[in-house]
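Everything on this sheet refers to the single structure shown next.
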Amino acid sequence: MIIKENPFYILGASLRDNRQKIMSLAEEKSLEVDEAVCSEARMVLTNPRRRLVAELSWFPGVSLKETSVILSKLKFGVLEAELLDKLPPLVRFNLSLELLLHGKKKLSDAALEKSLFELAKSYDDINADSLLRVINEERSISGFSEVSDVAILAEEIENIRIQAVHSLQDLLSGRSLTSLNHIMLGVLAREKKDGSSLELVQDYIDSIYAMSVQKDMETLDEGIKSSIENVKKVAARKNVSKSYLEQVIDEFLSKLEDYDNIMQPMQVSMQNRGLEHTASREMASQVRLLAIHLSTKHKAFDLSERIVKKAKELFAEVNTSAEHFAEDLSAITQLRESKAKREKEITCTIEKRSLFFPKTVSINPKKIQYGETEYQLNEITHIRYGLTERYVNGFHQGTDTMVAFGDSEGETVITWMDKYDFRKFTDALWKAVGPDLIMIMVAQLAQGKDIYGTIYNDGIKLTKSKFFSSETKFFKWHEVGWAEMNGAIHFMAFKENDFVKSFSFQEINNAHVISVMMRIFKEHPARTISEAFGMSKADAKKERQVSFSEDTPEDSDDSTSGNSASTNSVNDESPDGWLGLFIFVFIFIAIMIAMLGGA
């Protein structure tokens, strides 16, 4: 209620005037002012319940002389700060609000910021119990019944605050968004410096500022979500230039900064209350997911770090988000170090020195190259490798090595490495593509597909060999055991141990992948393999799709084939072939000696 609309102002009455005096004043004023207005003012002031609103909007606790001085100064729209500071909190609040709403001087942003803070401070200083005593003292003189319950007074004080917020909303609606933002941040800074938590300041933010920026906030929110998707889309493009991706991220961060500028008053306000701004926290989570996506999916650690550093700065007032971003920076550093370590581990070059036919095979973080043939690591579909020790009469005669790798278009088989180079190369080969092939294989199983028509997500098909036929039967994983021996991984049913299946490391593509996958499955028991790896069907669809068929290639030896293949026959790790050859040669020589002796 503004001063000029207050019944006390309309009738020229004081808080101490009794009912008869008010009736007389109403009759006199009806000659000057509209009779209906005077009649309404009289009814308000003579009704104890309705009178309370007028009393609280007037000058309780202020003398008649001081009231007269204040009213005369209000005609000029100015009151000295020294005068205001001496008045009771409620009166100071009423007059400050009056000057804000109806003062003749247009206030600058800085002046408005100061006035809004002082208004909130005055409201915070109001003490309902003290005010109740003042009101009842005046009523005891005027002859009106006292206010019996402080709760009634507190309710009316609350209503005054609500009405003030509505009035201020109209006042501030004429300010630009930038101006309003600066004003609110200034009020919040004053509040923080004062060490207080002011209810009216919270109203400024929640009811006035938030409503004023609602449309802009929604527009920016949609823009940022769209920008996040665009960053992901561009990052996923093959051979996208780093400079272009940086440009897209610049645009995203610019929008994020605009968003944060608008959100700052709400973020700071919530932080001052010991809370967090929900919308900002949710936005920070989306930004975190983008940074994680760039670092884990695309290994773009520099770009991810840049986003996290900026977000940590922008969302500093959202405490848990700021903490998460700090943790993310540490994680990115570790990932970068891990990436550098991995790149070092998988970088490998093996050479076969020869005057006429030198050979070189190399692995780097992007590809495998053998002569003129190249395989991109992210396109490798299968690997095989193994050692075969050669023996004659129990004496070791040497070691044969075999390494094979390929994609959907073909494969390369290498057999010329010595044991040392073989171990060095296969260690790098596994670290380069093995883990990815495991996840691809698990993804296939999670989608209901099988591996080589044998391995399924929840079990395996085992075969029982008979004289002229065989029998195949499906077993759940809890019914099966498996182990690695003699250059292969072997599966066997517990109760029907004549049902078996083996995958040779040298002959079956990705047998090593199957072996490590099963090892992890055993360490994390679950009903299905995908459950052990925590992979859902939705996640599985995001993995690279590879066909694990049962096709068997022709034998290869140190060659590059243009045909996709899944198995390759190479000597097993057994001396039996050499022993047979030795016996055959021995018998042949013995027969020849006998024939010559007979001659």
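Being a predicted model, the structure only gives us computed values, none of them experimental. We use all heavy atoms of the structure for the numbers below, so side chains are in, but hydrogens, waters and symmetry mates are not.
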State plainly whether the residues K310 and E313 are in salt-bridge range, i.e. N to O under 4.0 Å. yes
Within the side chain of E374, is there an N or O that forms a donor-acceptor pair under 3.5 Å with the backbone of E372? no
Which atom of K242 lies closest to which atom of D302, heavy atoms considered: NZ-OD2, 3.7 Å
Check: Q271/Q267 side-chain N/O donor and acceptor closer than 3.5 Å: no
Are more than 12 heavy atoms, taken from residues, nucleotides or ligands other than R353, located less than 6.0 Å from that residue's CZ atom? no
E379 CD to K367 NZ distance, which is reported to the nearest 0.5 Å: 12.0 Å
Is the positively charged end of K255 above the ring of Y259, judged by distance under 6.0 angstrom from the centroid and angle within 45° of the axis? no
Does the side chain of T401 come within less than 4.5 Å of D418's, by heavy atoms? no
May I ask you to decide if A443's main-chain N or O and Q447's side chain share a donor-acceptor pair within less than 3.5 Å? yes
Nearest heavy-atom pair of N510 and H382: which atoms, and what distance? OD1-CA, 3.2 Å
Evaluate the criterion salt bridge (charged side-chain N to carboxylate O under 4.0 Å, His left out) for residue pair R423 and D427; output intermediate values, then yes/no. CA-CA 6 Å; R423 287 173 177 162; D427 181 63; over 6 Å; no
I would like to know whether K424 and I350 meet side chain to side chain contact (heavy atoms under 4.5 Å, CB included); could you show each step before the answer? CA-CA 9 Å; K424 180 180 178 182; I350 306 296; 4.0 Å; yes
Flag, side chain of S285 to backbone of R281, donor-acceptor distance under 3.5 Å: yes
Using a 4.5 Å cut-off on heavy atoms from C-beta on, say whether the side chain of R190 contacts that of K114. yes
Strictly distance-based, threshold 3.5 Å: is any side-chain N or O of H490 a donor or acceptor partner for the main-chain N or O of M485? yes
Just do the side chain to side chain contact (heavy atoms under 4.5 Å, CB included) check on I183 and Y204 with the steps written out, would you? CA-CA 10 Å; I183 290 169; Y204 296 159; over 6 Å; no
Nearest-0.5 Å distance that lies between atom CD in E484 and atom CZ in F503: 13.0 Å
In terms of ring plane angle, is the pair F521 and W482 parallel, tilted or perpendicular, where the classes change at 30° and 60°? parallel
Using side chain to side chain contact (heavy atoms under 4.5 Å, CB included), reason through K299 and E343 one step at a time and then give a plain yes or no. CA-CA 12 Å; K299 312 303 179 189; E343 288 179 349; over 6 Å; no
Salt bridge (charged side-chain N to carboxylate O under 4.0 Å, His left out) assessment of K419 paired with E389: CA-CA 10 Å; K419 187 185 292 187; E389 304 291 353; 3.5 Å; yes
Just checking K232: does its NZ atom have more than 12 heavy atoms from other residues, nucleotides or ligands closer to it than 6.0 angstrom? yes
Y209-S269 side chain donor-acceptor pair, cut-off 3.5 Å: no
Quick check on the 6.0 Å ring-centre criterion: do Y370 and F405 meet it? no
Is there side-chain contact between I292 and S304, with heavy atoms separated by less than 4.5 Å? no
Would you say the side-chain atoms of S173 pair up with the backbone N or O of D170, donor to acceptor, closer than 3.5 Å? yes
Using a distance-only test with no angle check, is there a side-chain donor-acceptor pair under 3.5 angstrom linking Q202 and E199? no
On a heavy-atom basis, which atom in E276 and which in T320 lie closest, and how many Å separate them? OE2-N, 2.7 Å
Residue pair M266 / A210: nearest heavy atoms and the distance that separates them: SD-CB, 4.0 Å
Under a 3.5 Å distance rule, please check whether R384 uses its side chain to pair with a backbone N or O of Q506 as donor and acceptor. yes
Spacing of I440 atom CD1 and D436 atom CG [to the nearest 0.5 Å]: 6.0 Å
Looking at G448, is its backbone amide N or carbonyl O close enough to the side chain of N457 to form a donor-acceptor pair, meaning the two atoms are under 3.5 Å apart? no
Of the options F548, F475, F474, which is the one that meets Y456 in a ring-ring contact (aromatic ring centres under 6.0 Å, His included)? F474
Can you tell me if S280 and E317 form a side-chain donor-acceptor pair at under 3.5 Å? no
Separation of W416 CH2 from E351 CD (nearest 0.5 Å): 8.5 Å
Contact summary for I307 and I249, nearest pair of heavy atoms: CG1-CG2, 4.0 Å
Could you tell me whether the side chain of Q286 and the main chain of K225 form a donor-acceptor pair under 3.5 Å? no
Within the structure provided, determine whether L172 and L112 are in side-chain contact (heavy-atom separation under 4.5 Å). yes
If you measure only the distance, is there a donor-acceptor pair under 3.5 Å linking the side chains of Q376 and D407? no
Under a 3.5 Å distance rule, please check whether S212 uses its side chain to pair with a backbone N or O of I208 as donor and acceptor. yes
Looking at side-chain heavy atoms only, is the closest gap between H293 and H298 below 4.5 Å? yes
With side chains defined as the heavy atoms from C-beta onward, is the minimum distance between V403 and T426 less than 4.5 Å? yes
Any side-chain heavy-atom pair of M263 and M283 under 4.5 Å: no
Would you compute the distance between atom CG of L116 and atom CG of L198 and round it to the nearest 0.5 angstrom? 11.5 Å
OG on S197 to CZ on R273, rounded to 0.5 Å: 7.5 Å
Using only heavy-atom distances, determine whether the side chains of N319 and E323 contain a donor-acceptor pair under 3.5 Å. no
Mind running side chain to side chain contact (heavy atoms under 4.5 Å, CB included) on L200 and V165 for me, showing each step along the way? CA-CA 8 Å; L200 197 55; V165 170; 3.8 Å; yes
Under a 4.0 Å threshold between the charged nitrogen and the carboxylate oxygen, would D109 count as salt-bridged to R175? yes
Heavy-atom closest pair, residues N261 and P265: O-CD, 3.9 Å
Expected output: side-chain S115 to main-chain A111 donor-acceptor under 3.5 Å: yes
Are side-chain heavy atoms of T463 and F491 found at a separation under 4.5 Å? no
Check the angle between the aromatic planes of H512 and Y385 and answer parallel, tilted or perpendicular using the 30° and 60° thresholds. parallel
